[in-house]
Amino acid sequence: MLFSRRLMLGLAMAGSMASALALPALAGEGPTEIDLFFPVPVDGKLARDMGTLIKEFNETHPDVKATAVYTGSYDDTLIKTRAAIKAGKPPSAVIMSANFLLDMQIENELTNLDALIKADGTTKEQFLGQFFPALQGNAVINRSVYGVPFHNSTPLLYINADKAKEAGLDPSKPPQTWAELTDWAKKLTKREGDKVTQWGIAIPCAYDYCGWMMETLTMSNGGRYYNEEFGGEVYYDTPSMLGALTWWNDLVYKHKVHAPGATPGPAVSTSFISGNAAMMMLSTGSLTYVRDNAKFAYKVAFIPRNVRNAVPIGGASLIVPAGLEADKQKAAWTLIKWMTSPEKSGWWSRATGYFAPNMAAYKTPEMVDFLNKNPDAKTAVEQLDVAKPWFATYKTVPVRKNLEDEVMLVLNGKKQPKEALAAAQKAADETLKPYNAETSLKLP
Amino acid sequence: MSLAEPAALPVATSAAPRLDVLKRLGTRFKASLPAYLLLLPSLVFLALFTYGAMGRVFIDALYQRATPKAPVRFVGLDNISAVLADPAFTGAVVNNLVYAIGTAIPSIGLALLFALALSRTNAVSSALRAALFLPVLIPMVAASALFMFIFLPNVGLLDFYIGRLLPVLPNWLGDPDIALYAIMIITIWKNAGYYMLFFLAGLQAVPEDVMEAAHLDGAGPYMRFRHIILPELKPTFLFVIVIATLNAVTQVDHVFVMTQGGPSNSTNLVLFYIYQQAVEHYDVGKASAATLLTLAALMGLTALSFRTMANREGGP
């Protein structure tokens with residue numbers, strides 16, 4: 001108690017001192033003060049990079065004073081943003097997981113950015129045209145712009161090239177189809193009796209990652225996972241997803257080249273780095289980690305296809321919450337445009353390992369230089385040609401979890417793919433019911 | 001109070017009974033005013049941050065939106081019945097019961113064992129006490145992060161050793177049959193040392209003369225333990241059981257860090273369910289209703305245990 005009171009007194013004093021110091025500086029019109037909420041989904045270094053970025057912004061923009069507020073994981077950032085909106089003090093800009101935008105738009109928590117784009121004298125098409133087409137699906141809702149892509153990823157196939165050579169496979173010709181991948185995985189699995197000492201492939205399955213991998217497999221099997229145009233439908237109980245889950249299940253229980261059970265992302269990357277798994281499917285976001293830690297030659301490749309080459313995007317967009325004063329909105333827009341400019345976008349990409357959403361970033365000399373030194377970073381960008389939006393529905397997280405819980409049962413040998421997907425579909429339909437009741441099933 | 005009462009008494013005898021009660025209450029209040037004043041600062045903070053929040057939860061639990069765009073409306077007890085009908089909630093309650101029993105009994109048993117073994121203070125036992133207490137000092141989140149590496153399938157510390165014995169390596173956190181037990185191991189590891197402290201304190205209170213008398217009467221170590229130490233430790237047991245149960249409901253940091261309630265909800269505990277309802281489902285009504293149910297259960301439990309304790313202490 002004493003401590004907290006003293007602390008509060010200290011804070012109050014510090015506050016008054018700060019304002020006393022600041023007051024003379026802002027003679028007349030002061031800069032517009034805005035907050036930017038940002039998550040750190042990968043590692044702690046990102047927070048420092050963000051500090052550098054915002055400092056530079058403030059130095060070059062005297063009329064705006066931005067403060068970067070670290071808000072934890074993607075999920076935490078959503079919670080804190082919603083809490084701030086509820087409390088009537090929304091942050092001016094937030095780096096939000098790209099697939100939360102639709103849900104937030106449904107809940108009326110986002111500012112429609114069309115007016116701000118128009119005020120700049122650009123058309124929506126011109127504005128969106130700066131970004132890779134694959135990223136636009138998660139930023140545009142009902143033909144209005146609600147988010148600006150900031151840092152993005154796609155899933156990749158990582159191959160331990162040394163182990164591939166050992167097994168008589170050519171790592172410069174990575175597997176392109178599921179059949180080839182299955183064959184590679186069989187050849188790369190090492191057994192001592194019944195015991196597996198080296199797994200052919202590892203695919204992560206923990207909440208969030210599991211849904212993303214299911215979308216990856218379903219899309220490369222020709223499927224869609226969800227209705228890109230309408231937030232009230234998912235396609236879980238479909239042939240394309242059944243094929244995807246059956247193949248994953250076969251890798252575990254038929255071919256026995258994938259460890260049973262649900263394995264979270266960090267466990268998969270550790271397994272790959274330690275040589276326990278010879279291949280893995282993981283986000284481009286892990287590329288920097290693999291580059292820094294692998295003590296063997298590795299190779300990254302596109303996710304193999306069964307029907308077509310297609311992968312979902314991941315990552316985050318910048319959004320402006322609803323309910324802001326006009327001057328803050330404008331200041332936030334200045335910040336967002338600056339942060340997603342080719343130069344800054346490229347800088348952030350090199351610092352973090354995400355790819356830069358702004359296509360012009362890849363034309364900057366620094367980026368050309370970087371890609372020449374790290375050709376593996378190119379694969380993710382090239383795969384963008386076949387990338388599609390990340391699933392986003394009404395209540396994205398619970399709807400995703402409806403599927404993930406069932407997939408986990410399958411990977412643990414407790415359910416067969418067909419019945420699991422039927423159960424997932426039923427649960428998801430139930431979760432989506434209130435939204436459909438007010439949209440697709442609300443009839444005149 | 002003892003000073004004020006004699007002065008009030010003569011007046012009270014002559015006045016009407018009702019007035020007498022009022023007056024006595026008044027004097028009593030006046031006498032205990034300083035006490036209330038002293039309590040005021042913490043009451044203010046409790047009201048602001050505890051009771052205020054509880055009141056808010058109570059109100060929120062009565063409201064719900066039918067569809068996303070519809071306004072919130074009063075639904076009475078609908079949220080509570082929705083929570084009770086939710087298989088995820090009942091699943092979380094069952095998990096929580098298994099978790100509470102499965103963590104409380106082993107950690108209390110271990111704590112008692114440690115305390116009995118280390119009750120005499122010397123250099124060795126002090127060092128061992130410190131070693132056993134160490135897990136308590138590690139924050140739960142840090143401990144969970146450590147255990148995530150220990151539990152890593154195939155390459156983790158545990159599989160590295162156990163792997164030599166088993167043909168198929170368990171996926172500790174990825175198998176719904178095992179994950180909850182893996183989580184429980186951490187809790188036991190972390191809490192046993194903490195409860196040991198209470199038992200050590202309890203053992204200090206066992207009267208030396210009674211023990212000596214038993215010794216002279218020829219009671220062996222088991223007899224002394226069964227008939228003297230255990231009965232003397234009864235209040236400690238009660239207290240530790242309450243603390244352990246509360247911990248089982250309120251400490252879910254490792255679930256957040258390690259499993260997020262998965263795989264397939266197998267490690268979903270009640271508090272994490274509430275978090276999911278509030279954050280993932282964005283359903284404040286249902287989250288509040290689940291909070292109310294949990295609060296009621298916890299308060300009932302606490303009241304029951306305090307009463308048992310009070311009865312014991314009030315007795316001869």
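Each chain gets a letter, A, B and so on, in the order the sequences are listed, and its residues count up from 1.
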Chain A contacts, top residue of B:Ile178, B:Asp177, B:Leu173 (heavy-atom pairs, under 4.5 Å):
B:Asp177
Side chain / backbone / both / neither for A:Lys433 at chain B, heavy atoms under 4.5 Å
neither
If you count heavy atoms of other groups shown closer than 6.0 angstrom to CZ of A:Phe296, is the number above 12?
yes
Is the shortest side-chain N to carboxylate O distance from B:Arg65 to A:Glu438 below 4.0 Å?
no
Against chain B, label A:Ala206 side chain, backbone, both or neither, depending on which of its atoms sit under 4.5 Å from a heavy atom there.
neither
Is it the case that over 12 heavy atoms from other parts of the model lie below 6.0 angstrom from the CZ atom of B:Phe160?
no
Hey, what do you get for CD (B:Gln260) to CD (A:Glu404), rounding to the nearest 0.5 Å?
10.0 Å
Count the heavy atoms of every other residue, nucleotide or ligand shown that sit under 6.0 Å from CZ of B:Phe198, and state whether that count exceeds 12.
yes
So does B:Leu77 have more than 12 non-hydrogen atoms from other groups sitting under 6.0 Å from CG?
no
Within the structure provided, determine whether A:Lys414 and B:Asp175 are in side-chain contact (heavy-atom separation under 4.5 Å).
yes
Side chains of B:Met148 and A:Thr270: does their closest heavy-atom pair fall under 4.5 Å?
no
Can you tell me which portion of B:Phe256 sits under 4.5 Å from chain A's heavy atoms? Options are side chain, backbone, both or neither.
neither
Are there more than 12 heavy atoms of other residues, nucleotides or ligands under 6.0 Å from atom NZ of A:Lys195?
yes
Tell me, do B:Tyr275 and A:Ile79 make a side-chain contact under 4.5 Å, heavy atoms counted?
yes
With a 6.0 Å cut-off (strictly less than), is the heavy-atom count around OH of B:Tyr181, excluding the residue itself, greater than 12?
no
Using non-hydrogen atoms and a 4.5 Å limit, figure out which bit of A:Asn108 sits close to chain B: side chain, backbone, both or neither.
side chain
Check whether any side-chain heavy atom of B:Ser264 sits under 4.5 Å from a side-chain heavy atom of A:Glu406, and report yes or no.
no
Expected output: side-chain B:Asn171 to main-chain A:Ala259 donor-acceptor under 3.5 Å
no
What part of B:Thr259 gets within 4.5 angstrom of chain A, counting heavy atoms only: side chain, backbone, both, or neither?
backbone
Distance check, rounded to the nearest 0.5 Å: A:Glu109 atom CD versus B:Tyr282 atom OH?
4.0 Å
Side-chain (B:Asn265) to main-chain (A:Asp405) donor-acceptor, under 3.5 angstrom
no
Just checking, any donor-acceptor pair under 3.5 angstrom between side chains of B:Glu280 and A:Tyr207?
no
Is it the side chain or the backbone of A:Lys442 that comes within 4.5 Å of chain B heavy atoms, both, or neither?
neither
Looking only at heavy atoms, the pair that brings B:Val279 and A:Arg82 closest together is O-NH1, 4.2 Å
